[in-house]
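So the structure is just underneath, and the comments pick up after that.
In this text the structure is predicted, and so the values were computed from the model without any measurement.
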Amino acid sequence: MAAATTPYTLLLKTPPLFSPTTPTTHSLTLRKSTITCSATASPTTTTSPSSSTAADRVFNFAAGPAVLPEPVLRKAQADLLNWNGSGMSVMEMSHRGKEFTSIIDKAEADLRSLLNIAVDEFAVLFLQGGATSQFSAVPLNLCSSPEDHVDYLVTGSWGDKAAKEAAKYSSVSVVWSGKRENYVRVPDFGSLKQNPRAKYLHICANETIYGVEFKDYPTPLNEEGLLVADMSSNFCSKTVDVSKFGVIYAGAQKNVGPAGVTIAIVRRDLIGKSQKNTPVMLDYKIHAENKSLYNTPPCFGIYMCGLVFEDLLQQGGLAEVEKKNVAKAQLLYDAIDNSGGFFRCPVEKSVRSLMNVPFTLAKSELEGEFIKQAAKEKMVALKGHRSVGGMRASIYNAMPLAGVQKLVAFMKDFQSRHG
């Protein structure tokens, strides 16, 4: 007669996923059967993480979450179980302990070095909620009441969303919108009909969906007005004069880390003037006073951002990174422009993004096949945003030149077969 199944026999059929560091052997007798298991038994997975190589990775052209530098991933992998001899993973340590304090302090210091951010003039905040949360935070912190006037220059979907959200907490004027032209350009700044009473002028420095990027920045008409920028998709991709801005904010998941971290660079004299109904998690004063530790921050994400900042500094800083980004973008845009119309980029050449390259095929019925064949060649996430269609290659800092070269070679081969 078969032995009855008990919770213990079911438990013993499943090997432990984790084991203590000291090897021991345990024997447990159940009825007449003896089961022996080693505490150092291998996990059930057959592939060791260390067996993965660069050759196993795809070229990831996703708009975000996006590609991260391979050296950063390797470093995080090596430190995952035991960070810096602490005996803990970064994901386990207290955000108020000395270990994490050293991590966030170094991340801030390296970011300040990259962008030349003056300590006395600007606060650097590591926040949560994505750039979308800043659509509310900006007017709540910079306007004393919902009656205060603010200007928005809209060059794409994100600028449009920011303006609509700000209208809940301020009196918004859209000084220009490219919507009628399907967002293909940036206007002449002299033609903007700004409100002379506007507390700030808001722009989205790089529109991820439409591939429109500011190469220069407008000046607020109000002498006391501020320039505010959403830099989510081109943050740390090039040099920027931070002193021109009142607030810069960015979601990390494009260029500097994983999803979950939002970075805000805020002029210190603007902090502490928020509207009375500002939620505590959106109040810059709260986060500045608590050094981004008012509540538990996205610790591992901040650690990853810190590794990226370190990597960018090792590359020579943002001036050198910008040169690489210009070279990658030029290679791809040249392939599009020299295709005889087979590939097309609708964006005005003077404001084409270095980060997000949208393009279409003259024969739109081939676009699905293009994306499918590219995936077989280990080039993924080339499908355009659902609102615009076509293709989009996001070529952020961490996209290697080899990835763009492979895409261009594939495009030329595809045209030779389908042109």
From the options P258, P298, C299, select the one residue that forms a side chain to side chain contact (heavy atoms under 4.5 Å, CB included) with M304. P258
Using a strict 4.0 Å threshold on nitrogen-to-oxygen distance, state whether K324 and E320 make a salt bridge. no
Minimum heavy-atom distance between A63 and Y396, given as atom pair plus value: O-OH, 2.6 Å
Go through it in stages, so that I can follow the logic: the residues are S394 and N356, the test is side-chain hydrogen bond (donor to acceptor under 3.5 Å, both in side chains), and I'd like the CA-CA distance, side-chain angles, deciding distance and then a yes or no. CA-CA 4 Å; S394 293; N356 311 102; 2.9 Å; yes
Do the two ring centres, one from [X] and one from [Y], sit under 6.0 Å apart?
X: F100; Y: H95; answer: no
X: Y152; Y: Y200; answer: yes
X: F370; Y: F410; answer: yes

Evaluate the criterion salt bridge (Lys or Arg N to Asp or Glu O under 4.0 Å) for residue pair E369 and R417; output intermediate values, then yes/no. CA-CA 12 Å; E369 188 63 22; R417 291 183 285 111; over 6 Å; no
Value rounded to 0.5 Å, distance of [atom1] in [X] from [atom2] in [Y]:
X: L401; Y: L331; atom1: CG; atom2: CG; value: 6.5 Å
X: L354; Y: N234; atom1: CG; atom2: CG; value: 8.5 Å
X: S171; Y: H149; atom1: OG; atom2: NE2; value: 4.5 Å

Please confirm whether the backbone N or O of [Y] pairs with a side-chain atom of [X], one donor and one acceptor, at under 3.5 Å?
X: Q134; Y: A250; result: no
X: K199; Y: D148; result: no
X: Q194; Y: L221; result: yes
X: N84; Y: S86; result: no
X: H287; Y: M281; result: yes
X: R352; Y: Q330; result: no

Could you tell me whether the side chain of F235 reaches within less than 4.5 Å of the side chain of I265, counting heavy atoms only? yes
Qualifying residues under salt bridge (Lys or Arg N to Asp or Glu O under 4.0 Å), relative to D269, sequence neighbours excluded: R267
Among residues at least two apart in sequence or on other chains, which ones pass salt bridge (Lys or Arg N to Asp or Glu O under 4.0 Å) with E289? K285
